[in-house]
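Take a look at the structure set out below.
Letters A, B, ... mirror the listed sequences (proteins, then strands); counts begin at 1. Values in this document were obtained by computation on a predicted structure and should not be read as measured data.
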Amino acid sequence: MSYDFQAIETRWQRYWAEHQTFRTEIDRSKPKYYILDMFPYPSGDGLHVGHPEGYTATDIVTRYRLMRGDNVLHPMGWDAFGLPAERYAMKTGTHPATRTAECVANFRRQMQRLGFAYDWAREIDTTSPSYYRWTQWIFLKIWGAYFDEALGKARPIEALPIPDDVEAAGPKAVRAYRDARRLAYLHDAPVNWCPELRVVLANEEVAEHVEAGRTVVRKPMRQWMLRITAYAQRLLDDLDTVDWPNSTHAKQRNWIGRSEGAEVVFSVCGVEGPEGALRVFTTRPDTLFGATYMVIAPEHPLVSQITTADRRAAVEAYVRKTARRSERDRQAAAADGDKTGEFTGAYAINPVNQAKIPIWISDYVLMGYGTGAIMAVPGHDTRDHAFATAMGLPILEVVSGGERSVQAEAFPGEGVAVNSGFLNGKPTPAAKQAMIGWLEEQQLGERTVNFKLRDWLFSRQRYWGEPFPLIHRPDGEVVAVPEDQLPVTLPDVDDFNPSESGEPPLAKATAWRELPDGSLREVNTMPQWAGSCWYYLRYLDPHNAEAPFSREAADYWLPVDLYLGGDEHAVLHLLYARFWHKVLFDLGYVGTQEPFRRLIHQGLILGATYLPRDKRRNEEGEVVFFMPGDVEEADGQWTVRATGEPVDEQWEKMSKSRGNVVNPDDVVERYGADTLRLYEMFMGPLEHSAPWQPEGVGGCFKFLKRVHALMFSDEGLRQDLVDGQGSARQRKLLHRTIQEVTERIERMQFNTAISSMMVFTRDLVGKGEPPPKGTLRCFTLLLAPFAPHLAEELWAALGNPNTLAREPWPEADESMLVEDTWTCVVQIRGKRRAELQVPANASKDEVVALVMGDTTVQRHVGGREPRRVIYVPNRLVNIVV
RNA sequence: GCGAAGGUGGUGGAAUUGGUAGACACGCCAGACUAAGGAUCUGGUGGGGUAACACCUGUGAGGGUUCGAGUCCCUCCCUUCGCACCA
């Protein structure tokens, strides 16, 4: 009976489904373990072999932990809102819900063919009303909360203290006071609007559309924002409590971007009152004596007030130009170091030395960071230096220690203060503290912390997303849809395009939007991130109709013990989910500060394409490439089979547009799911990216065939299998294999765990001794997490009536790991010269005597007296002569 | 520029606390069985050297510590990925 993987895999997949083998419930008698995969967006292209890499890894851990007796939660679902389904609807007229259902069905079918141990009873879909009902519910909790600075946490908006003067001004004032402090608030924010497509683009989408020749303009729109900045410090601090990759820690830190410094008040000459106070943020208050001019952002509210008549035309032209320029344009110019700007005609007084310095506007100062205004210290800031040089502004040295003159080059490093009055002679850190102290004393400024993190633009002008459960009253009041009326479902529409003016598609669903009392529903939808911000919570209690999840389930399962997914989500998804989790923690819905205890990013699986040397493009302007089937290789040179044209091999992330996708269905068809799983894990460390090499798959297939042949011959179950644990050598190897595989699973080093099993199998086959059943029994259990279908087949053939999924994991017998002898490597002056077997119980002196008696050793020592002998038990002897 | 991760055979990759560099697999070479092999099995395979040994050499480059360095320290070089006018 040959290895009929198709029959085997079908049989066991049906068995697991029928017996609900991987169904999970709360069980307080066992340790819990929550293993989570980042759930996929079910695209129309289906899975490629990159997807199952992470899923296989978590599946191995799941099956291993089950056998270790843990209660494991391992769910799967679909992140199914998003633009592709909506674009597809615009093109074909197919409703996004229909399309999404098709794609989900295909993804589910492909995944189930791989035999993953998911509890499919917990499957979720972010687009299902029974799911997004609770996404809306959580949004209302966020909208209904404010951040209490004193307590450092969110509280219900009803708890917000209302100042007496606001109270006295009436309910409208109270409402405005509250609305301004909610964690979800309305704000006029510029968006990337593409008039051709009538779509608002995310920042990261702008580049591709501009390249495709479309226009993208900045356009102010009323947007919902989430006050993630209130959590900046906690999001930063709590990173220390999670076991995540360094790179991800670093990316989040960098994104949050905390910097310490001071705010300093400059007064604008000739402008009285509060308008005349120009606040700047600086991380280098010690350089205040070197401020020779100021720059404010073109969008700064003070610009029009302070600009003098003779400068007005130039300044207004510059402001208009900046407004039109896309973010991308500005960044491109920034990369070249070009600095532009205009003088406002106004002057400010430097509070530390009363110097009168000019105020400029320039787009290198960003309205969104700090106060939107800076004091420019060209001697010690490279950007200010470039600007001062371009505009002919004076440059002063106030910190010594630079290698070149500050006239030639800014010195941004630390040194000793000079030309700085009372700071002179102080090293930079001390000078900073002294200046902050002085500013606070004079009430001219104070110590401040600033973050790069901005509030989260949370609304999208699209159809295929969660509707906001909010209603705009005719008087402008915004009220929540009552909880018992959730979900606010998406109306059926035929036209998924936004209006020409940029109104979202839902604005056209007037019957849905307009309510009898003249109120209007909110017509923006939530971004795709919303559903993924809390899906790991819904898995805990997916059928709960009263709440998103019970506190009991949260307390039992949280936090996620192992979270696996690509590092493309290192910042946004993980930061947003942490933010929501903290809000839910503050409001008492979950009991942990952080959702994901341990995080691992799997690497990419790369696909090959072959590029002509001339990098030519076809009529549509696309790069011409060839696929693996079109080319052949000889002496390291690839050529197109049909034409003989030389081409270069290129490995890239798999994507349909690059034509380098490998479909797991094809691999399963030819080799089976167990082989695919095994190869994906054998390719290398989980975190590494690696090329997909079809020949390698064959190697893993051969291994499984060899394993199958341990128990089955052409005639069926082998009759020559012997009882018991086999020879002493076989037993020793088995226990070493148990030990290695166990250790390597624990360390998630699956490639080397597989290598151990290969060594074991080769030995069992190669020595010609009939395989002992006891040995096979243990080995089958070791194999189970990696190749579960074949393992179940072997397990049944060994006479076991039930699944091995909860069979206890084999324990290595310590006494079997002890060897009688060890290989002693002999080094002479550090160079390896010989090796010999020595008895395990030999003492140092005995080993050294044995070594010195060896003929090879004697030849190298040549009668000289050893000056020193280093003895490392179980390893080596090094003789120094 | 800043930050992070890396650099080991033709390829993917192994190598506890410093202790046999190249496990395992692909590819390649040779052989076996075959009508045939893109099937299967056996052996070989870092480079140089040899009839075969011996021996020499070798983990991006150069230095250092050590009896001993892929691993530790210093100085460089290169690759990939993030972020990027954040004051």
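Using P as the reference atom, C24(B) and A15(B) are 13 Å apart when rounded to the nearest Å. Taking atom C1' in both G10(B) and C28(B), the straight-line distance is 8 Å, to the nearest Å. Nucleotides U40(B) and C56(B) are separated by 40 Å at their C1' atoms, to the nearest Å. Between G22(B) and G47(B), the two P atoms lie 14 Å apart (nearest whole Å).
Between Arg670(A) and the phosphate of G38(B), there is no side-chain N or O to OP1/OP2 separation shorter than 4.0 Å.
Counting atom types as modelled, Gln693(A) pairs no side-chain N or O with a base atom of G27(B) as donor and acceptor under 3.5 Å.
If you check every strand for non-hydrogen atoms under 4.0 Å, Ser259(A) touches sugar and phosphate atoms only. Residue-level contact check: Gly699(A) touches the backbone only, with heavy atoms under 4.0 Å from sugar-phosphate atoms and none from bases. Pro685(A) comes within contact range of the sugar-phosphate backbone alone, with a heavy-atom separation under 4.0 Å but no base atom that close.
Residues Val365(A) and Ile296(A) have side chains not in contact (no heavy-atom distance under 4.5 Å, counting atoms from C-beta outward). The shortest distance between side-chain heavy atoms of Phe451(A) and Thr229(A) does not fall below 4.5 Å.
Atom CG in Leu783(A) sits about 19 Å away from atom P in C24(B), given to the nearest Å. Taking atom CG of residue Leu733(A) and atom C1' of nucleotide C24(B), one finds them 14 Å apart after rounding to whole Å.
Ring geometry for His573(A) against His569(A) counts as perpendicular: the plane angle is over 60°, on a 0 to 90° scale with 30° as the lower cut. Aromatic ring pairs are classed by plane angle as parallel below 30°, tilted from 30° to 60° and perpendicular above 60°; the pair Trp244(A) and His249(A) is parallel.
Between Ala787(A) and Leu704(A) the shortest heavy-atom distance is CB-CD2, 4.0 Å.
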Watson-Crick and G-U pairing of RNA chain B written in dot-bracket, each distance under 3.5 angstrom, with | for inter-strand partners: (((((((..(((......[....)))((((((.......))))))(((......)))..(((((..]....))))))))))))....
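Comment: Asp240(A) engages Arg253(A) in a salt bridge, judged by a side-chain N to carboxylate O separation of less than 4.0 angstrom. The residues Glu414(A) and Arg284(A) are annotated as not salt-bridged, no charged nitrogen and carboxylate oxygen being separated by less than 4.0 angstrom.
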